[in-house]
Number of protein chains: 2
Amino acid sequence: MKRHIFLTRREVHLPEWRTAFPAMEARPHAAADERLAPPGGALLWLHVDNNVKNPEALVESIRKATPGCAVVVLSNVPHDDEGLAVLEAGAAGYTGALAVAAVLRNIEAVIANGGLWVGPDLLQRLLVALGRHAGRSARGAARLDRLSPRESEVARAVAAGATNKEIARKLAITERTVKAHLSQVFAILKVRDRLQLAIYLNGLPKEAQSRILH
Amino acid sequence: MKRHIFLTRREVHLPEWRTAFPAMEARPHAAADERLAPPGGALLWLHVDNNVKNPEALVESIRKATPGCAVVVLSNVPHDDEGLAVLEAGAAGYTGALAVAAVLRNIEAVIANGGLWVGPDLLQRLLVALGRHAGRSARGAARLDRLSPRESEVARAVAAGATNKEIARKLAITERTVKAHLSQVFAILKVRDRLQLAIYLNGLPKEAQSRILH
DNA sequence: CGGCCACTTGTCCACCAGGACAATAGGCAA
DNA sequence: TTGCCTATTGTCCTGGTGGACAAGTGGCCG
């Protein structure tokens, strides 16, 4: 069972949180307090309100002080920009401090599976905003693929900035296999390493990409 | 208890899915089949593979035919663009067809609480893509200091695909100094390595580049 | 002058990336 | 059946990468 540690300055929400995780612990979070490093694997719930100026910096320092612990931010005044900021700072989740117990438990489950929790609203905003300027990929027109399907997946992941380890996890194969595919891709596209591959693919117009990627 | 209906043309994954939801139902999904409208409140799991040309259209028609049902897309060859497309088309979740039972149950839990399920990879891409554009400007934090002249030169070289050794030769400095500049650039732009730096810079519009590069 | 900043270089070290040898299994076509 | 292709994994090894300690120089500003 995972440990749940709630970092907060106020106690108003503790009863509700406790209904979600009866075995929870609460700590006041002062700047110095982060050095009481919880054991790796614990889940840290960071409560922020209007008094916290920049939660993202707080998240960063906490994550640095407690490697291996996921941090979820509970905001008194949830706001998309704030959520975006803390998630970029490395938080694994962002939601309102008033979230009901069921939601908290869901967040825990999602994070336990390596996911990130983003509220529906923020996610929707992300989707539309990205969809607008990422454009529709010309699919269904896949032809003349010079790369095999598997090679394409790996190439795409590299073009997105992933490491071999990440790709391996994502495709559920070993790192060795990723390397094998990548070596093949390098040879086919005549690039010397992943950096040039990424530059090459990202610099290509979408139509050209789908001609070489499956 | 919610009903789980798996729409698929192949049966290979049914055993795994059944371990997640013993009471699941399976239906072949043909175009005409969508008129067998499942009762509202059911969760539809749509299995797509390479043969499905545009899953987003399929999702849209299914959602139109079955209002009140959330649709989760299980892809044989998951990839970010496809995920983006189906989510914009109204899907409530997107993951690989090989997802283990625990993940499927998590997805169900998330959706039951009004959330959308997005894999960590896709979400990460959403965050970096959007965060670099909207998130920055909205959130003051004008500490996006431009890079120093020397740092800019190094950053530009990396964005062009150069190695440390090449940059060192070009700038007539030691490789060590190149590393020093690069570490600084990584910290300022909040990227973890040269690959993501290159992607970041190459993805930026020209005018945005000149704001951070000298 | 003292402090700050940009630029420079050093060593040590853990980790990642790719190439060079491999090998095995399944699908598919001649 | 034989051969080719794709996907998969193995070990060994070299070189590239980036962080963690530092530390020395020169310029500019209050």
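In what follows, chains carry the letters A, B, and so on, assigned in the order in which the sequence lines appear, proteins first and then strands, with residues in each chain numbered from 1.
In this structure, B/Lys179 places its NZ atom 14 Å from P of C/dC13, rounding to the nearest Å. Atoms CG (A/Leu171) and C1' (D/dT6) sit 15 Å apart, rounded to a whole Å. Rounded to whole angstrom, the span from the CZ atom of B/Arg192 across to the P atom of C/dC16 amounts to 11 Å. Taking atom CG of residue B/Leu195 and atom C1' of nucleotide D/dG16, one finds them 14 Å apart after rounding to whole Å. Atom CD of A/Glu151 is separated from atom P of D/dT8 by 10 Å (rounded to the nearest Å). Rounded to a whole Å, the CG atom of B/Leu182 is 16 Å from the P atom of C/dA6. At whole-Å resolution of the value, CG in A/Leu147 and C1' in D/dA7 are 15 Å apart. Remark: P of D/dT9 and CD1 of A/Ile167 are 14 Å apart, rounded to the nearest angstrom.
With hydrogens and angles disregarded, no donor-acceptor distance shorter than 3.5 Å links the side chain of A/Arg192 to the backbone of A/Leu197. Judged purely by atom type and a 3.5 angstrom limit, B/Gln196 uses its side chain to pair as donor or acceptor with the backbone of A/Gly161. No donor-acceptor distance shorter than 3.5 angstrom exists from the side chain of A/Arg27 to the backbone of A/Leu7, with no hydrogens or angles considered.
One finds a salt bridge joining B/Glu153 and B/Arg150 here, because a Lys/Arg side-chain nitrogen approaches an Asp/Glu carboxylate oxygen to under 4.0 Å.
A sub-4.0 Å separation between OP1 or OP2 of D/dG16 and a side-chain N or O of B/Asn164 is absent. Between D/dT11 and A/Arg176, no contact under 4.0 Å exists linking OP1 or OP2 to a side-chain N or O. When the side-chain nitrogen and oxygen atoms of B/Arg194 are compared with OP1 and OP2 of D/dT17, one or more of them lie within a distance under 4.0 Å. Within the 4.0 Å cut-off from OP1 or OP2 of D/dT8, not a single side-chain nitrogen or oxygen of A/Thr174 is found. For the pair B/Lys165 and D/dG16, the criterion of a side-chain N or O lying under 4.0 Å from OP1 or OP2 is met.
In terms of position along DNA chain C, the nucleotide closest to B/Ile173 lies nearer the 5' end than the nucleotide closest to the other residue of the pair B/Ile173 and A/Glu175. Mapping B/Ser183 and A/Gln184 onto DNA chain D by nearest heavy atom places A/Gln184 closer to the 5' end of the strand. With the nearest nucleotide of DNA chain D identified for both B/Ala180 and B/Asp193, B/Asp193 has the one nearer the 5' end.
Nucleic acid contact class of B/Thr177 (heavy atoms, under 4.0 Å, all strands): base.
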Handout entry: Steps toward ring-ring contact (aromatic ring centres under 6.0 Å, His included) verdict (A/His47, A/Trp17)
Key = CA-CA 11 Å; A/His47 179 214; A/Trp17 295 341; 5.5 Å; yes
